[in-house]
Amino acid sequence: MAECVAASEAAIARAGELIREGKLVAFPTETVYGLGADASDDKAVARIFEAKGRPRFNPLIVHVADAQAAEKHVVFSAEAKTLARHFWPGGLTLVLPRRAEARLSLLVSAGLDTVAIRVPAHETAQALLKAAQRPIAAPSANASGKVSPTRASHVMESLGHSDLLAMVLDGGACRLGLESTVIGFPQGIPTLLRPGAVAREEIEAVLGRRLADADADAASGEAGRASPGQLESHYAPGAPLRLDAREAGPDEVLLGFGPKAKSSMNLSASGDLTEAAANLFAMLRALDATAGGKRIAVSPIPMEGLGEAINDRLKRAAAPRG
């Protein structure tokens with residue numbers, strides 16, 4: 001059973017030691033809780049895949065303390081530097097060419113010549129990076145394909161039984177509650193690989209140009225997945241989902257959105273997409289635990305701002321499961 005402890009200075013120092021020893025530590029970020037390991041240690045990174053039951057062709061995000069640390073591992077284009085200046089630290093991941101001399105496990109890249117990398121804003125994540133003195137590979141701290149964790153208790157429910165997880169740092173609820181937005185640069189073109197905590201419109205405003213969309217055909221193949229979160233079925237609760245529901249059927253419970261939704265659980269009664277994003281995974285988990293065999297119906301979410309990322313997660317959660 002993993003140890004779950006409040007993210008005190010002493011606990012973070014111990015967690016840093018565990019990372020250097022090749023152990024797994026779950027920790028909070030502003031997006032979701034991550035399952036962290038030393039990104040330069042092949043065996044430690046392999047333990048992430050084992051603990052999550054994660055496909056080896058699905059890349060991991062490497063977390064570093066700042067852009068200067070990132071430049072030791074990846075090559076920045078001019079537009080990538082612009083995005084890093086505006087959005088780091090924060091909920092944006094950049095997929096960039098890996099430096100030949102980068103001391104990162106090849107497993108984090110899933111056989112690709114790129115690395116997904118970001119600088120987290122959460123104070124506990126930053127303190128852990130300082131304590132560990134290592135780049136930290138960290139996908140969401142849950143069983144692969146299941147609902148992402150936004151509280152330490154969610155991590156314990158999903159992975160607390162694993163002998164591979166040494167510690168969970170409890171830093172409270174995640175502020176954003178939605179995974180990072182992922183931007184890549186295939187053929188030098190800024191491309192939205194995964195919508196997330198930073199809205200498309202914000203990124204396009206900074207770049208002064210529209211983002212390209214990821215090639216659906218390329219993303220559907222194992223070798224084409226340059227970004228985490230591109231599996232067709234992902235972020236899924238145990239109960240089946242029905243999307244764009246105006247009301248719940250007799251065999252359903254409704255996850256509402258907006259003032260008109262008649263539901264016991266509402267992502268945002270005021271229709272605030274930021275609030276909805278922060279509540280999404282926690283409410284999916286809560287309804288899944290109490291559904292009693294019923295389906296979860298979900299109210300329509302506008303396809304604007306963070307609504308694009310919310311709808312992406314819901315679509316993948318509702319996808320047929322193999």
Side-chain angles (χ1 to χ4, degrees), residues 7 9 12-13 15-20 22 25 27-32 34-42 44-45 48 59-110 112-139 169 171 174-176 179-186 188 190-191 193-194 196-198 202-203 205-208 226-228:
E9 185 175 342
I12 292 169
E17 293 175 359
L18 290 169
I19 292 287
R20 291 195 300 275
V25 173
F27 63 98
T29 77
E30 67 279 16
T31 57
V32 299
L35 181 62
D38 180 354
S40 63
D41 183 333
D42 287 332
V45 174
I48 292 177
L60 305 177
I61 294 175
V62 175
H63 295 67
V64 293
D66 51 37
Q68 185 177 3
E71 287 190 295
K72 296 178 182 178
H73 308 295
V74 294
V75 179
F76 281 78
S77 64
E79 287 184 306
K81 286 184 177 180
T82 296
L83 292 180
R85 281 196 301 271
H86 279 82
F87 296 109
W88 281 0
L92 181 72
T93 293
L94 299 175
V95 177
L96 299 172
R98 180 191 185 105
R99 289 190 181 277
E101 68 274 20
R103 298 181 62 185
L104 296 175
S105 169
L106 294 175
L107 288 173
V108 301
S109 299
L112 303 173
D113 58 3
T114 53
V115 174
I117 197 162
R118 88 173 180 103
V119 177
H122 197 288
E123 60 276 9
T124 298
Q126 280 287 331
L128 178 60
L129 284 162
K130 182 177 180 180
Q133 300 178 346
R134 300 284 193 279
I136 296 178
L169 285 172
C174 298
R175 177 173 58 86
L176 299 177
E179 294 89 354
S180 61
T181 301
V182 183
I183 301 295
F185 298 86
T191 301
L193 298 178
R194 180 181 75 180
V198 180
E202 293 182 65
I203 298 167
V206 168
L207 290 177
S227 165

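Screening Leu104, Ile61, Leu60, Leu96 for a side chain to side chain contact (heavy atoms under 4.5 Å, CB included) with Val115, the sole residue that qualifies is Leu104. Each of Ile183, Thr181, Thr93, Val182 was checked for a side chain to side chain contact (heavy atoms under 4.5 Å, CB included) with Leu193, and the lone residue meeting it is Val182. With Leu129 as reference, Ile136 is the one residue of Ile136, Ile19, Asp66 to meet the side chain to side chain contact (heavy atoms under 4.5 Å, CB included) rule. Each of Val95, Val75, Val74 was evaluated against Thr114; a single residue qualifies, Val95, per the side chain to side chain contact (heavy atoms under 4.5 Å, CB included) test.
By the neighbour-count criterion of 12 heavy atoms within 6.0 Å, atom CD of Glu101 is densely surrounded, having more than that number from other residues, nucleotides or ligands. Summarising the local packing, CZ of Arg99 is surrounded by more than 12 heavy atoms from other residues, nucleotides or ligands at distances under 6.0 Å.
No side-chain heavy atom of His86 sits under 4.5 Å from any side-chain heavy atom of Lys81.
Residues Glu123 and Lys130 are not paired through a salt bridge, judged by the lack of any N-O separation under 4.0 Å between the basic side chain and the carboxylate. Using a cut-off of 4.0 Å between Lys/Arg side-chain N and Asp/Glu carboxylate O, Arg134 and Asp38 are scored as salt-bridged.
Checking side-chain atoms of Glu30 against main-chain N and O of Ala121 turns up a donor-acceptor pair under 3.5 Å. At distances below 3.5 Å, at least one donor-acceptor pair connects side-chain atoms of Gln126 with backbone N or O atoms of Pro120.
Once rounded to the nearest 0.5 Å, the distance linking CZ of Phe27 with OG1 of Thr124 reads 10.0 Å. We find the CG-CG distance between Leu112 and Leu106 to be 10.5 Å, quoted to the nearest 0.5 Å. Separating the CG atom in Asp41 from the CZ atom in Arg20 is a distance of 13.0 Å, to the nearest 0.5 Å. Atoms CG and CZ, from Leu94 and Phe87 in turn, are 10.0 Å apart once rounded to the nearest 0.5 Å.
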Applying side-chain hydrogen bond (donor to acceptor under 3.5 Å, both in side chains) to Ser180 and Arg194, what does each step give before you reach the verdict? CA-CA 8 Å; Ser180 61; Arg194 180 181 75 180; 3.1 Å; yes
Could you walk me through whether Arg118 and Thr29 pass side-chain hydrogen bond (donor to acceptor under 3.5 Å, both in side chains), step by step? CA-CA 11 Å; Arg118 88 173 180 103; Thr29 77; 3.1 Å; yes
Verdict with reasoning, Arg85 to Glu79, per salt bridge (charged side-chain N to carboxylate O under 4.0 Å, His left out): CA-CA 10 Å; Arg85 281 196 301 271; Glu79 287 184 306; over 6 Å; no
Could you walk me through whether Phe76 and Thr82 pass side chain to side chain contact (heavy atoms under 4.5 Å, CB included), step by step? CA-CA 10 Å; Phe76 281 78; Thr82 296; over 6 Å; no
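Of all non-hydrogen atoms in Gly36 and Ala138, the two that sit nearest each other are CA-CB, 4.0 Å. Residues Leu169 and Pro28 come closest through the heavy atom pair O-CD, 3.4 Å. Heavy-atom minimum distance, Ala39 versus Ala137: CB-N, 3.6 Å. Scanning all heavy atoms of the two residues, the minimum distance from Leu107 to Asp42 falls at CD1-O, 3.6 Å. Counting all heavy atoms, side chain and backbone alike, Val64 lies closest to Pro135 at CG1-CB, 4.1 Å. In terms of heavy-atom proximity, Val119 sits nearest to Ala67 at CG2-N, 4.0 Å.
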